[in-house]
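This structure is a prediction, so every number in the text was calculated from the model and none was measured. Heavy-atom basis, side chains included; hydrogens, waters and symmetry copies ignored.
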Amino acid sequence: MGNYRKLWFTLIGVLIVTFSLLGYYGAEVYRTAPPIPARIATAGGEVLYTHDSILDGQTAWQSVGGMQLGSIWGHGAYQAPDWTADWLHRELLNWLDVAAERTHGKPFADIGAAAQAVLRDRMKTEYRTNTYDPATGVATVSSTRADAIAKTALYYDQLFSDAPALHKTREHFAMKENTLPSAERRAQMMGFFFWTAWAAATERPGTTATYTNNWPHEPLIGNKPTAENMVWSVMSVVVMMAGVGFLVWGWAFLRKHDEADPEPPRQDPLARVPLTPSQRALGKYLFLIVALFSFQVLLGGFTAHYTVEGQQFYGIDVSQWFPYSLVRTWHIQSALFWIASGFLAAGLFLAPLINGGKDPAYQKLGVDILFWALVVVVVGSFAGNYLAIAQIMPPEWNFWLGHQGYEYVDLGRLWQIGKFTGVAFWLVLMLRGILPAFRQPGDKNLLALLSASVIAIGLFYGAGFFYGERTHLSVMEYWRWWVVHLWVEGFFEVFATTALAFIFSTLGLVSVRMATTASLASASLFMLGGVPGTFHHLYFAGTTTPVMAVGAAFSALEVVPLVVLGHEAWEHWRLQHRAPWMARLRWPLMCFVAVAFWNMLGAGVFGFMINPPISLYYVQGLNTTPVHAHAALFGVYGFLALGFTLLVLRYIRPQLVFSDRLMATGFWWLNAGLVLMIATSLLPIGLFQFHASVSEGLWYARGEAFMQQPFIQTLRWVRTFGDVVFIVGALAVAWQVVSGVLGSRAPAVPAGATLAETRR
């Protein structure tokens with residue numbers, strides 16, 4: 001550890017404390033998850049649903065796209081309703097009508113205000129009272145509620161079939177006709193929807209809040225923010241401000257001001273190192289990256305158009321073959337594939353450099369095998385998604401080969417295993433180049449941190465295997481966010497920071513000591529908020545107040561390191577002027593500058609906009625979420641992967657000179673397109689929905705009546721301008737990479753050449 005002992009101990013201490021919190025309260029998620037009753041029955045003994053039929057309904061929901069078609073407990077897509085909030089509101093209205101007919105012989109709307117108030121009070125008491133008996137596993141409902149459930153289920157049965165009466169509604173929700181052809185499976189899915197609404201309306205024993213902490217906002221039964229929600233929302237703001245304050249003080253007083261930048265070398269050190277066979281083999285990775293990138297961007301425009309023409313693309317009915325749920329699945333999965341591939345390619349480029357400019361034995365063979373394995377996983381998972389949503393695949397195969405139904409981990413379990421195996425194989429290829437370097441003299445602290453991040457990336461994707469097809473929804477959410485939040489936003493962030501520091505120090509632009517110090521400090525800051533901050537996704541997923549408290553407090557700390565990213569952007573910007581040869585790295589550096597900007601805005605500002613419990617209570621599942629998602633996923637990780645891609649391209653094609661015209665178009669149009677789609681469409685729609693959610697309830701903010709208003713539809717059409725600008729930028733970057741890969745190739749490695757010999 002040497003001179004970095006305090007930094008290492010700080011990082012290790014942060015990891016011990018934060019993972020202890022994540023594990024301890026993860027056990028709390030298991031222990032306090034809302035029960036799935038053995039039977040849901042009337043007092044007379046009529047069984048409506050069983051434990052197994054509810055889980056069968058969960059698998060049916062997964063097979064139609066799950067979270068890619070509407071949302072459950074606020075997690076999923078934004079075009080169709082949130083099924084939990086929508087079912088609950090429809091069931092409540094049906095209960096009032098059934099009760100009014102039984103009591104007064106007329107519909108609820110036709111009885112007097114006093115009688116209406118009495119029925120509303122009865123309904124609130126009935127719905128919030130917990131009738132689940134742990135001893136028998138039975139939850140009892142009244143005959144009135146049973147009739148209300150039946151009426152609600154009839155509506156959903158028609159909605160997910162091809163009933164002509166609801167054709168227009170299916171168009172508005174971007175649902176294809178006959179979404180779920182099997183009547184039996186539709187009935188089972190209705191049971192799953194009912195159970196999620198039951199958990200959202202039923203008070204947890206010993207509390208006055210429902211199993212979902214009173215989410216969603218539903219005035220009819222008094223679902224409103226809890227006192228704990230308000231307290232921890234205020235505390236999250238206090239923690240964030242305190243963290244920013246301490247960071248500024250630390251930045252001012254602890255940062256070394258007296259160390260001058262090292263004198264940059266007269267020539268690019270990496271350009272003087274002969275390429276190894278494994279590095280020259282990376283061209284096909286870059287081609288795959290931009291192919292998937294272009295596919296994902298075009299699908300994004302296609303998916304966005306479904307929000308205005310729910311079953312058509314400019315008048316052509318395409319929903320029977322490529323419905324919204326499918327193209328949105330492919331849009332998200334292709335993004336994860338190309339971004340991850342950009343990181344993998346960067347790592348594989350670095351491995352021989354770390355190994356002294358030499359390939360370990362059979363490294364090129366390993367690089368080739370990994371590439372084709374990646375192609376198989378991409379093609380196989382996309383084909384499985386199609387067959388599942390088209391309802392061609394047998395139901396028992398769906399989870400393993402088709403569609404898991406969970407956003408960001410939609411690919412079938414077999415393809416998920418293949419992806420994990422590929423990432424683990426990448427880890428092996430990386431360590432074969434890294435481990436021998438530890439036997440060489442010199443400061444190895446930065447290399448040790450890079451190695452740790454590589455190991456974490458290789459192994460932590462495996463968290464996605466801790467749930468199965470019929471795992472409880474709350475437990476699944478806990479592990480899913482290990483992958484989506486912790487693996488992506490945590491360890492990839494550390495890897496990116498450390499890899500860039502390693503590259504810049506190898507280029508001689510920053511000192512090894514400065515690079516190591518900055519990387520260790522950044523890793524501690526990222527992990528401090530990022531690890532327990534995972535819980536901010538679980539406020540309303542059937543968890544208890546302690547989970548909310550930990551998530552609110554620590555997710556606020558995620559914002560803290562982002563406030564100094566303006567300085568990081570400046571540091572990256574000025575590197576291009578430190579040596580004449582750095583001009584050839586201008587566009588990769590510009591991508592890294594964009595990463596810092598979008599990290600501050602997309603991850604920081606837009607992330608904290610929806611993170612406090614009181615904010616997320618009203619905006620979870622609204623268009624404010626894709627504001628954060630687009631700005632953070634593409635703005636941060638997308639630009640980072642593009643920067644890595646351009647950096648690798650620059651060195652595996654040494655004769656290449658980036659076209660300033662092409663790259664300026666690509667870079668600036670990508671940024672402008674992202675700003676336009678957020679500022680002119682997503683954010684305004686989200687803010688209007690926010691107001692509707694606060695004033696009426698989530699059911700209304702996501703409902704057909706609100707979302708089909710002319711001004712909302714106009715805002716959706718306006719997004720087309722931002723999408724077109726973004727697509728032009730994406731295609732410009734893709735063409736630069738393709739033309740560069742197909743251009744002049746580097747000479748082979750001279751026999752026995754090493755990095756050390758080349759430098760001499």
Side-chain angles (χ1 to χ4, degrees), residues 262-286 343-371 426-451 453-454 495 498-512 515-516 519 575 579 581-582 584-585 588 644-656 740-741 744-760:
E263 186 68 26
R266 299 176 64 181
Q267 293 182 326
D268 184 344
L270 296 187
R272 298 169 57 197
V273 181
L275 290 169
T276 68
S278 74
Q279 288 175 318
R280 286 186 285 118
L282 292 176
K284 54 183 172 288
Y285 279 80
L286 307 188
F343 281 70
L344 300 187
L348 294 173
F349 175 77
L350 288 177
L353 294 177
I354 296 170
N355 194 42
K358 300 180 295 182
D359 269 343
Y362 305 109
Q363 184 80 351
K364 180 183 181 299
L365 176 62
V367 168
D368 291 339
I369 291 173
L370 179 59
F371 173 80
W426 172 79
L427 169 61
V428 172
L429 294 177
M430 290 295 297
L431 292 180
R432 292 172 76 242
I434 289 173
L435 294 179
F438 282 102
R439 294 194 290 267
Q440 303 301 318
D443 186 346
K444 295 295 183 291
N445 284 273
L446 184 60
L447 186 59
L449 182 60
L450 180 65
S451 304
S453 66
V454 166
F495 170 78
T498 311
L500 285 176
F502 183 86
I503 291 170
F504 292 149
S505 62
T506 302
L507 289 171
L509 301 173
V510 297
S511 69
V512 173
T516 305
S519 297
L575 288 178
W581 49 266
M582 279 297 294
R584 301 188 67 181
L585 294 178
F644 281 145
T645 299
L646 294 171
L647 190 70
V648 173
L649 175 63
R650 159 68 185 86
Y651 287 109
I652 68 170
R653 297 293 184 266
Q655 308 307 315
L656 171 68
V741 169
S744 58
R745 296 177 179 271
V749 183
T754 67
L755 178 60
E757 290 167 351
T758 304
R759 283 176 171 167
R760 286 198 297 268

So, D268 side chain and L270 main chain: donor-acceptor pair closer than 3.5 Å or not? yes
Short side-chain to backbone donor-acceptor contact, S453 and L450, under 3.5 Å: yes
Looking at every heavy atom in both A345 and V648, which two are closest together, and how far apart are they? O-CG2, 4.2 Å
Under 3.5 Å, side chain of Q279 to main-chain N/O of T276, donor-acceptor pair present? yes
May I ask you to decide if P654's main-chain N or O and R584's side chain share a donor-acceptor pair within less than 3.5 Å? yes
Using a cut-off of 6.0 Å, state whether more than 12 heavy atoms not belonging to Y362 lie near its atom OH. no
Would you call the rings of F349 and Y651 parallel, tilted or perpendicular, where under 30° means parallel and over 60° means perpendicular? parallel
Looking at every non-hydrogen atom in both residues, tell me the closest pair between L348 and P352 and how far apart they are. O-CD, 3.1 Å
Under the rule for side chain to side chain donor-acceptor pair (under 3.5 Å), what residues qualify as partners of K364, not counting sequence neighbours? D368
Got a sec, which residues hit side chain to side chain contact (heavy atoms under 4.5 Å, CB included) with A515, two or more places apart in sequence or on another chain? L446, A501, S505, V510
Heavy-atom donor-acceptor pair, R653 side chain to V741 backbone, under 3.5 Å: yes
Rounded to the nearest 0.5 Å, what's the gap from CZ on F644 to CG on L286? Could you check? 13.0 Å
T498 versus F502: any side-chain heavy-atom pair under 4.5 Å? no
Just checking, any donor-acceptor pair under 3.5 angstrom between side chains of D359 and S278? yes
Return the minimal non-hydrogen interatomic distance between F343 and W426, and the atom names on each side. O-CZ2, 4.2 Å
Could you list the donor-acceptor pairs under 3.5 angstrom formed by side chains in residues 429-436, with sequence neighbours left out?
residue	atom	partner	partner atom	Å
R432	NH1	A361	O	3.3
R432	NH1	Q363	OE1	2.7
R432	NH2	A361	O	2.1

Under 3.5 Å donor-acceptor, Y285 side chain and V367 backbone: yes
What's the spacing between I503 CD1 and L353 CG if we round to 0.5 Å? 8.5 Å
At their closest point, which heavy atom of K444 faces which heavy atom of A437, and how far apart are they? CE-O, 2.8 Å
Ignoring hydrogens and geometry, is there a side-chain-to-backbone donor-acceptor pair from W581 to P265 under 3.5 Å? yes
When you compare the side chain of L585 with that of L507, does any pair of heavy atoms fall below 4.5 Å? yes
